[in-house]
Amino acid sequence: MTTLRIHNTLTQKTEDFAPIDPGHVRMYVCGPTVYDFAHLGNARPVVVFDILFRLLSRLYPKVTYVRNVTDVDDKIIAAAKEKGESIGDLTQRTYAQYKADMGALGALDPTVEPKATQHIGDMIAIIQVLMEKGNAYEAEGHVLFHVPSMPDYGMLSKRSRDDMVMGARVEVAPYKRDPADFVLWKPSTDEQPGWESPWGRGRPGWHIECSAMSAKHLGIPFDIHGGGIDLVFPHHENEIAQTRCSCGSDSMSRFFMHNGHLGVEGQKMSKSLGNFITVHQLLDEGIPGEALRYYLMTAHYSQPFDFTREGLTQARAALDKLYIALRGVDANAGADIPDRLLNALCDDLNTPKALAELHKLAKEANKSGTVENKSRLLAAGRFMGLFATAPEEWLRGTAEADGLSDADIEKMITERLEAKAEKNFVRADAIRKELTDAGLILEDNPTGTTWRRK
RNA sequence: GGCGCGGUGGCGGAGUGGUGACGCAGAGGUCUGCAAAACCUCGUACACCGGUUCAAUUCCGGUCCGCGCCUCCA
């Protein structure tokens, strides 16, 4: 097996990965702000880092995967108000939905899913340290991080403070000493959620929770910090600033990994364009979460992903093909995960290459028909979070479109087999046609007739 | 304007300094009562222009086109 190589946003190079503590890999990934259904753009990092989590767990004795839940945020406040729901109800409900949807995508639970509201004290403590060290200041009830206090600010996104100030599209708040300064703590009105702090009742800024929760649950520095590419700036850049200045550490995380953006039918996904697609809505359409997972894995994580209906159809067909190759597999047989699959994933999570290996394994299984080869395919696919369903169950699908129950179908097949035995092919073909028209595919083989839904 | 990414066959999408991954779709064949599935075969793909090289889709430079980020969006 080759070593794991990961593209590091910090160095913009693909590097050999080695954990700081050889016995314990520590990874932090930015999770959801729980105010609405998870959309496809949210689903991508979940699948990407789930693959990484599985791979690391295979390579190292212990992995701690932290994915935070942002449950205090101005978008949440706005959504709760709009829906006439309490913030607590909204965030709890949304989080439960998120877990269900991501579970449908075959994502394992992270080791820890800390909530921002449960770490307010940790955040306040960090802000106090930043104040003491002269990296932060109070102004009009806000506490701000003073960017010029950190000489090498911008190391992740490779931009100078001047670049940012010049490119600023938003009006700079008058109380900022420097246009690039960002909020650590802000005041809350009576209606807004707030916590007592040395600077009065207020709530945390966006970035501070990740600095607090990663330090608490992983320790600084840790191994891998992940998220969408849009988080490079300002979110991760600011996290780095807060963490390094408060901890006095050279780095927050050894590696930073970022997944590419997801668009829909060639366009940016946005509410204003009306092409906002949630995972929940696709599941509701009857699209299996596993098919979505497979589709998301067909492109390398670092590349932009264009979600299309055509692409989803292709992915489902490809996945069906794998399931056909698995027919008759013994789920309990057990087999080693082939090295070539692990090698593909060790190459900076090359999931398209790994899926290609799956298809090669399927071809081998089809050619040989042996239990061993089927088992290898099963083990390989399961490692990637696929094949959660038994092959026959997957292929038969659910009785919806055709309105025929499994028993109805079996009865017609039996009737057709009788017709065949009597060489009454006209009758046999009539039954086949009836079932084909209902969206079913019959497959005659030496031992009988199997069927599946299109 | 700054930073970054990309342009591969009908479609999706890896990859490589010199034998055209893999999947979807399509064509032919084997098999089959007919089918389906499977298997076999079939594609003169690497935006454009220069340069380096024995050899470039792969390296370098330029051009064109597309995309992301630039203060709270994964």
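Residue numbers begin at 1 in each chain, while the letters A, B, ... track the order of the sequences.
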A.B. asks: Answer with base, sugar-phosphate or nothing: what part of the nucleic acid does A:R340 contact at a heavy-atom distance below 4.0 Å?
C.D. replies: nothing
A.B. asks: Between A:I413 (CD1) and B:C34 (C1'), how many Å, whole number?
C.D. replies: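 Taking atom C1' of B:C34 as the reference, CD1 of A:I413 is at 16 Å.
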A.B. asks: Whole angstrom is fine here: how far is it from CG in A:D320 over to P in B:A37?
C.D. replies: 11 Å
A.B. asks: Give the rounded distance in Å between these two atoms: CE of A:M123 and C1' of B:C72.
C.D. replies: 14 Å
A.B. asks: Sequence neighbours left out, cut at 3.5 Å: what donor-acceptor pairs do the side chains of residues 380-392 of chain A make with other protein atoms?
C.D. replies:
unit_1 : atom_1 : unit_2 : atom_2 : d
A:R382 : NE     : A:F387 : O      : 3.2
A:E392 : OE2    : A:R327 : NE     : 2.9

A.B. asks: Checking A:H300 now: which residues fulfil ring-ring contact (aromatic ring centres under 6.0 Å, His included) with it, not counting sequence neighbours?
C.D. replies: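 Once residues adjacent in sequence are excluded, A:H300 has no partner under the ring-ring contact (aromatic ring centres under 6.0 Å, His included) criterion.
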A.B. asks: Under a 4.0 Å N-O cut-off, is there an ion pair linking A:K374 with A:D330?
C.D. replies: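 Here A:K374 does not pair with A:D330 in a salt bridge, since their nearest N and O are not under 4.0 Å apart.
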A.B. asks: Taking only N and O in the side chain of A:K158, is any of them less than 4.0 Å away from OP1 or OP2 of B:G4?
C.D. replies: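 Checking B:G4 against A:K158, no side-chain N or O comes under 4.0 Å of OP1 or OP2.
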A.B. asks: Can you tell me if A:T414 and A:E418 form a side-chain donor-acceptor pair at under 3.5 Å?
C.D. replies: no
A.B. asks: Checking all strands, does A:H359 fall into the base, sugar-phosphate, or nothing category for heavy-atom contacts under 4.0 angstrom?
C.D. replies: sugar-phosphate
A.B. asks: When you measure from the side-chain N and O atoms of A:N259 to the phosphate of B:A74, is any distance below 4.0 Å, counting only OP1 and OP2?
C.D. replies: no
A.B. asks: Indicate, with a heavy-atom threshold strictly under 4.0 Å, whether A:K423 touches base, sugar-phosphate, or nothing.
C.D. replies: nothing
A.B. asks: Determine whether a donor-acceptor pair (one donor, one acceptor, N or O, separation below 3.5 Å) exists between the side chain of A:R432 and the base of B:A35.
C.D. replies: yes
A.B. asks: Between B:C59 and B:G15, how far is it from one C1' atom to the other, in whole Å?
C.D. replies: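 Per the computed distance, 16 Å lies between those C1' atoms.
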A.B. asks: Does a side-chain N or O from A:K363 land closer than 4.0 Å to OP1 or OP2 of B:C40, or not?
C.D. replies: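 Result: yes.
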A.B. asks: Please determine, for the side chain of A:A356, which listed nucleotide (B:C24, B:G68, B:A21) has the closest atom?
C.D. replies: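 That would be B:A21.
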A.B. asks: How does each nucleotide of nucleotides 6-16 of chain B score, in 5' to 3' order, for protein heavy atoms under 4.0 Å: base (B), sugar-phosphate only (S), or none (-)?
C.D. replies: S----BSSSS-
A.B. asks: OP1 or OP2 of B:A38 sitting under 4.0 Å from any side-chain N/O of A:N366?
C.D. replies: no
A.B. asks: Hey, does the Lys NZ or Arg CZ of A:R177 hover above the aromatic six-ring of A:Y137, less than 6.0 Å from the centre and inside 45° of the axis?
C.D. replies: yes
A.B. asks: With A:F37, which residues qualify under ring-ring contact (aromatic ring centres under 6.0 Å, His included), at least two apart?
C.D. replies: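 A:F37 satisfies ring-ring contact (aromatic ring centres under 6.0 Å, His included) with A:H280 once adjacent residues are dropped.
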A.B. asks: Quick check for you: among B:G33, B:C72, B:C69, whose closest atom lies nearest to any side-chain atom of A:K268?
C.D. replies: B:C69
A.B. asks: Do A:R5 and A:T14 have a side chain donor and acceptor closer than 3.5 Å?
C.D. replies: no
A.B. asks: What pattern of brackets, bars and dots sums up RNA chain B from 5' to 3', given Watson-Crick or G-U wobble pairs under 3.5 Å, [ ] for crossing pairs and | for another strand?
C.D. replies: (((((((..(((.....[...))).(((((.......)))))....(((((..]....))))))))))))....
A.B. asks: Return whichever of A:T33 or A:I324 has its heavy-atom-nearest nucleotide of RNA chain B closer to the 5' end.
C.D. replies: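 Nearest nucleotide further toward 5': that of A:I324.
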A.B. asks: For A:K454, report the nucleic acid contact type (base, sugar-phosphate, nothing); a contact means any heavy atom under 4.0 Å.
C.D. replies: nothing
A.B. asks: Ring of A:Y95, cation from A:K115 - is the NZ or CZ under 6.0 Å from the centre and inside 45° of the axis?
C.D. replies: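 Here A:K115 passes the 6.0 Å and 45° test against A:Y95.
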A.B. asks: Rounding to the closest angstrom, what is the interatomic distance between B:C72 and B:A14 at atom P?
C.D. replies: 31 Å
A.B. asks: In terms of side-chain heavy atoms of A:K321, which of B:A74, B:C34, B:A38 is nearest?
C.D. replies: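 Minimum distance to the A:K321 side chain belongs to B:A38.
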A.B. asks: What distance, rounded to whole Å, do you find between the two P atoms, one in B:G7 and one in B:C46?
C.D. replies: 13 Å
A.B. asks: Is there a donor in the side chain of A:N68 and an acceptor in the side chain of A:E209, or the other way round, less than 3.5 Å apart?
C.D. replies: yes
A.B. asks: Determine the contact category for A:L442: base if any of its heavy atoms lies under 4.0 Å from a base atom, sugar-phosphate if only primed atoms, P, OP1 or OP2 are that close, otherwise nothing.
C.D. replies: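 Base: the residue A:L442, judged by heavy atoms under 4.0 Å, touches a nucleobase.
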A.B. asks: Please state the P separation for the pair B:C24 and B:A38 - nearest whole angstrom.
C.D. replies: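 It comes out at 8 Å once rounded to the nearest Å.
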A.B. asks: For the residue pair A:W206 and A:H235, categorise the inter-ring angle as parallel (less than 30°), tilted (30 to 60°) or perpendicular (more than 60°).
C.D. replies: parallel
A.B. asks: Whole angstroms only, please: what is the CZ-P distance between A:F233 and B:A74?
C.D. replies: 17 Å
A.B. asks: Relative to each other, are the rings of A:H39 and A:F276 parallel, tilted or perpendicular (30° and 60° limits)?
C.D. replies: perpendicular
A.B. asks: Of A:R452 and A:S302, whose closest RNA chain B nucleotide lies nearer the 5' terminus?
C.D. replies: A:S302
A.B. asks: Pick the P atom in B:U57 and in B:G1, then give their distance to the nearest Å.
C.D. replies: 31 Å
A.B. asks: Are any of A:K176's side-chain N or O atoms less than 4.0 Å away from OP1 or OP2 of B:U71?
C.D. replies: no
A.B. asks: Determine whether any donor atom in the side chain of A:D444 lies under 3.5 Å from an acceptor atom in the base of B:C34, or the reverse, and answer yes or no.
C.D. replies: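 Per atom types, the contact qualifies.
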A.B. asks: Can you tell me the distance, in whole Å, between the CE atom of A:M155 and the P atom of B:G4?
C.D. replies: 15 Å
A.B. asks: For A:K81, look at atom NZ and say whether over 12 heavy atoms of other residues, nucleotides or ligands are found less than 6.0 Å away.
C.D. replies: no
A.B. asks: Would you mind telling me which of B:A21, B:C69, B:C72 lies closest to the side-chain atoms of A:K360?
C.D. replies: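 Between B:A21, B:C69, B:C72, the one nearest the side chain of A:K360 would be B:A21.
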A.B. asks: Work out how far the C1' atom of B:C48 is from that of B:G6, and round it to whole angstrom.
C.D. replies: 16 Å
A.B. asks: Given atom CG of A:D437 and atom P of B:A35, what is their separation to the nearest angstrom?
C.D. replies: 17 Å
A.B. asks: Rounded to whole Å, how long is the line connecting atom CD of A:Q267 with atom P of B:G68?
C.D. replies: 10 Å
A.B. asks: Within the 4.0 Å heavy-atom criterion, would you say A:L262 contacts the bases, only the backbone, or no part of the nucleic acid?
C.D. replies: base
A.B. asks: I'd like to check the salt bridge (charged side-chain N to carboxylate O under 4.0 Å, His left out) partners of A:D101; sequence neighbours left out, ordered by chain and number.
C.D. replies: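 Scan of A:D101 (salt bridge (charged side-chain N to carboxylate O under 4.0 Å, His left out), adjacent residues dropped) gives none.
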A.B. asks: Using atom C1' in both nucleotides, what's the gap between B:A47 and B:A56 to the nearest angstrom?
C.D. replies: 15 Å
A.B. asks: Between B:G66 and B:U41, how far apart are the two P atoms, rounded to whole Å?
C.D. replies: 41 Å
A.B. asks: Separation of A:H258 atom NE2 from B:C73 atom P, in whole Å?
C.D. replies: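 Interatomic distance, NE2 of A:H258 to P of B:C73: 16 Å.
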A.B. asks: Regarding A:D429, tell me which of base, sugar-phosphate or nothing describes its non-hydrogen contacts under 4.0 Å with the strands shown.
C.D. replies: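 Since a base atom lies under 4.0 Å of A:D429, the category is base.
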